[in-house]
Amino acid sequence: MDLASANLPTEISAVAAIEWATNEFGADLTLLCSGQDAVLVDLALTVDPTIELTFIDTGFHFNETIETMLAIAARYRPNLRVVVPWRHLDGVGGPGFCCSDHKVEQLDHALAGRRAWLSGLRRADGPSRSEAPQIEVDRRGLVKINPMVAWTDAELADYERQHDVIVNPLRARGYPSIGCRPCTSPSADGEDPRAGRWPGSDKTECGLHL
Ligand code: SF4
């Protein structure tokens, strides 16, 4: 889609962004679920319970992340699609190659035939995301909607409390950002919330949101 000519709304509420996406794209829309929490799932399935959820099972997730996804599946009975790489090459070629193979390529597969996707990305996730728009066109030409992009950590926590949302238990153990087990450490208070991702390297993003 050409962003300049697209009929995209300016920044709106998270629910309004999801409603716009479901009206605009219908079944050609998928929601990328990371297993970190179910806030976006809860918001989106309240708007439309038939929205497809996509979970990329890299093979390297924490047990807590898989348990979070199982809890989401049990509570919402969603239209859930689990994408699994055909091979697992733990550490081969370094994190850049590993993420490209186990995450980015899998998302490419998952989005084939779709026109748009929903993501839980927020500007408060860290400096690398501080300028993220709510609606954009990704490198594939698909529309990417980040409904909660402007939400603060406090707003996220409020929603989790008020709606008894499923949250990955690692969050309470010092992991504000949860990726794969070999590449994720806790972050200290006051640190960039994504400081625990690929610690000791200058890598800050797996590539799903680039
Ligand atoms: S986060 Fe780590 S284990 Fe997961 S795909 Fe990327 S490099 Fe591989």
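Just follow the structure's listing: the first ligand is 1, and inside any ligand the first atom is 1.
Inter-residue side-chain proximity for Ile145 and Leu29 is flagged as met; some heavy-atom pair is nearer than 4.5 Å.
The salt bridge (Lys or Arg N to Asp or Glu O under 4.0 Å) search around Asp192 returns none, not counting sequence neighbours. For Asp42, the salt bridge (Lys or Arg N to Asp or Glu O under 4.0 Å) criterion is met by no residue, not counting sequence neighbours.
Within ligand 1, the atoms closer than 4.0 Å to a non-hydrogen atom of Cys98 are 3 (S), 5 (S), 7 (S), 8 (Fe), numbered from 1 in the order shown. Of all atoms in ligand 1, listed by their number and element, those nearer than 4.0 Å to a heavy atom of Cys99 are 1 (S), 5 (S), 6 (Fe), 7 (S). Counting atoms of ligand 1 from 1 in the listed order, those under 4.0 Å from a heavy atom of Phe60 are 3 (S). Taking every heavy atom of Cys180 and a limit of under 4.0 angstrom, the matching atoms of ligand 1 come to 1 (S), 3 (S), 4 (Fe).
Looking at Arg129 and Glu205, a side-chain N of the basic residue comes within less than 4.0 Å of a carboxylate O on the acidic one, giving a salt bridge. By the 4.0 Å N-to-carboxylate-O rule, Arg171 lies close enough to Glu160 to be salt-bridged with it.
The nearest N, O or S atom of Cys183 is not closer to atom 4 (Fe) of ligand 1 than 2.8 Å.
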